[in-house]
Novice: 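I have a structure I would like to understand better, so I am pasting it below and will then ask my questions one at a time.
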Amino acid sequence: MPELPEVETIRRLLGAQVAGKRIVSVRFGTKLVAMHPGPAGVRRELLGATVREVGRRGKYILFHLSSGRDLVLHLGMSGQVRNSDRSAMQKHEHMRIEFSDGQVLSFVDARRFGRVCMTEGGVLPRPISGMARMGPEPIEPGYNAAYLGALLGGRKARVKNLLLDQRVACGVGNIYSDEALHRAGVRPDRRAGSLKPPEVARLATALGDVLREGIRWCGTTMKDGGYRLVDGGAGSFQKRLRVYGREGQRCRRRGCEGVVRRQTLGGRSTHFCPVCQK
DNA sequence: CTTGGTTCCTGCGTGC
DNA sequence: TGCACGCAGGAACCAA
């Protein structure tokens, strides 16, 4: 499940690998992921273009092309960008890009929640329209208690569910929302509007902290793992998770005797410590 | 506007 | 061994 730290890790790897390179070949699999403006249109935009640099916004990867257009990739929950070769297309491979120096990148996504889109001049096509409404990146200084407080204040929804809203905390998904709430000492089922200013402040800080730490450890690769590095390697933040995936195990907060509980919130598996999260 | 539910999709773990 | 089944979840979309 690629979230901000996983996508940022991939962005850095890709930036080092393909910046300055020219695209000479584009191929598609038989089962397409949602794509704009369709396979033929994407190929037309990409062929002959040079990648200036690779950027990121929330969970979106942006290949900035010399043409001024962007190739935008969203990995959904099982999408991977992998170093590849010129052998036959594999089972869930949806797109393959070959560069002038022979390097090949493949977009593989078993569950096909991923998205592939071309954009121009900041206009975002349907499948990725949400990117336009995202707020500041939680790892940037502009993301603070004032911003978060304004979005949580007066809201009746559970704070965990609001953290999954990309307008509130872009780049955050199920793993890092649970981890941030644990670090902030806030129960995920609290009504967002009931959080006191110090709790909002702790949460804003915790979000940035846990996401930056996730990046430092190259993201979280779970056992079933949709997330892999570009070369197939694994991240290592899973070893440092404090609540996610740790149901029935001891809380990792120093001195806390709690046992991690799991409950479904808004259709999503949620992990928390009933003792140190209030 | 807010809120919560539904939908898409496949691999994997579980129970019989 | 095999099969039905439930679960995982990002985010667009829809209904009230």
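Proteins come first, then strands; the chains are lettered A, B, ... in the order of their sequence lines, and each starts at number 1. Because only heavy atoms are used, hydrogens play no part in the values below, and waters and symmetry mates are left out as well, while side chains stay in. No experiment lies behind these values; they were computed from the predicted model shown.
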Novice: Output the residues of residues 147-159 of chain A in contact with DNA chain B, where contact means a heavy atom of the residue under 4.0 Å from an atom of the strand; sort by number or write none.
Specialist: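 DNA chain B contact set from residues 147-159 of chain A: A:R155, A:K156, A:A157.
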Novice: Check every atom of C:dA12, C:dG10, B:dG11 against the side chain of A:H92 and return the nucleotide holding the closest atom.
Specialist: B:dG11
Novice: Against A:C276, only a single residue in A:R252, A:R187, A:H182 fulfils side chain to side chain contact (heavy atoms under 4.5 Å, CB included); can you say which?
Specialist: A:H182
Novice: By nearest heavy atom, map A:R133 and A:M77 onto DNA chain C; which one lands nearer the 5' end?
Specialist: A:M77
Novice: It should be established whether A:Q166 places a side-chain nitrogen or oxygen under 4.0 Å from OP1 or OP2 of nucleotide C:dG10.
Specialist: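 For C:dG10, neither OP1 nor OP2 has a side-chain N or O of A:Q166 closer than 4.0 Å.
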Novice: Counting only side-chain N and O atoms of A:R126, is one of them less than 4.0 Å from OP1 or OP2 of C:dC13?
Specialist: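 Looking at the OP1 and OP2 atoms of C:dC13, one of them is under 4.0 Å from a side-chain N or O of A:R126.
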Novice: Scan A:R268 against the nucleic acid and name what it touches under 4.0 Å (heavy atoms): base, sugar-phosphate only, or nothing.
Specialist: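 Base contact - A:R268 has a heavy atom under 4.0 Å of at least one base atom.
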Novice: Would you say A:R111 reaches B:dG11's phosphate, i.e. side-chain N/O to OP1/OP2 under 4.0 Å?
Specialist: no
Novice: Check the surroundings of atom CZ in A:R167: do more than 12 heavy atoms from other residues, nucleotides or ligands lie under 6.0 Å from it?
Specialist: no
Novice: Between C:dA11, C:dC13, B:dC9, spot the one nearest the side chain of A:H74, thanks.
Specialist: C:dA11
Novice: If only atom types and distance count, is the side chain of A:S25 paired as donor or acceptor with the main-chain N or O of A:E98 below 3.5 Å?
Specialist: no
Novice: Taking atom CG of A:D109 and atom NE2 of A:H92, what is their separation to the nearest 0.5 Å?
Specialist: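 Between A:D109 CG and A:H92 NE2, I get 9.0 Å after rounding to 0.5 Å.
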Novice: In whole angstrom, what separates A:D109's CG from C:dG10's P?
Specialist: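 Those two atoms, CG and P, are 13 Å apart.
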Novice: Have a look at A:S78 and say if it touches a base, only the backbone sugar-phosphate, or nothing, with a 4.0 Å heavy-atom cut-off.
Specialist: nothing
Novice: For A:M131 and C:dA11, give me the distance from atom CE to atom P, rounded to whole Å.
Specialist: 11 Å
Novice: How long is the gap from OH on A:Y143 to CG on A:L207, to the nearest 0.5 Å?
Specialist: 5.0 Å
Novice: Could you state the atom-to-atom distance from OH of A:Y176 to C1' of C:dG10 in whole Å?
Specialist: 16 Å
Novice: In terms of the nearest nucleotide of DNA chain B, which residue is placed more toward the 5' end: A:R191 or A:K91?
Specialist: A:R191
Novice: In the structure I gave you, are the side-chain heavy atoms of A:R82 and A:R228 within less than 4.5 Å of one another anywhere?
Specialist: yes
Novice: Would A:R56 and A:E137 satisfy salt bridge (charged side-chain N to carboxylate O under 4.0 Å, His left out), going step by step from the backbone distance to the final call?
Specialist: CA-CA 10 Å; A:R56 179 190 60 76; A:E137 299 273 331; 2.8 Å; yes
Novice: Please report how far the helix from B:dT2-C:dA16 to B:dC16-C:dG2 bends, comparing the axis fitted to its first five pairs with the axis fitted to its last five, to the nearest 10 degrees.
Specialist: 50°
Novice: How close or far is atom C1' of C:dA11 from atom NZ of A:K59, stated in whole angstroms?
Specialist: 8 Å
Novice: Using a strict 4.0 Å threshold on nitrogen-to-oxygen distance, state whether A:K21 and A:D101 make a salt bridge.
Specialist: yes
Novice: Using a heavy-atom cut-off of 4.0 Å across all strands, would you classify A:R115 as base, sugar-phosphate, or nothing?
Specialist: nothing
Novice: Which whole-number value in Å describes the distance from A:L163 CG to B:dT3 P?
Specialist: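 These atoms are roughly 14 Å apart.
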Novice: Within the structure shown, what part of the strands sits under 4.0 Å from A:Y244 by heavy-atom distance: base, sugar-phosphate, or nothing?
Specialist: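 Sugar-phosphate contact only.
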Novice: Without decimals, in angstroms, what is the distance between A:D165 CG and C:dG9 C1'?
Specialist: 16 Å
Novice: When the side chains of residues 28-37 of chain A are checked against the rest of the protein, which donor-acceptor pairs come out under 3.5 Å, sequence neighbours left out?
Specialist:
none

Novice: Let me confirm one number: the CZ-CZ distance from A:R27 to A:R86, rounded to the nearest 0.5 Å.
Specialist: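 The CZ atom of A:R27 sits 9.0 Å away from the CZ atom of A:R86.
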Novice: Is there a stack between A:F113 and C:dA11, judged by ring centres under 5.5 Å and planes under 30°?
Specialist: no
Novice: In whole angstroms, how far is the P atom of C:dG10 from the CG atom of A:D178?
Specialist: 11 Å
Novice: Taking atom C1' of C:dC7 as reference, at what distance in whole Å does atom CD of A:E247 sit?
Specialist: 13 Å
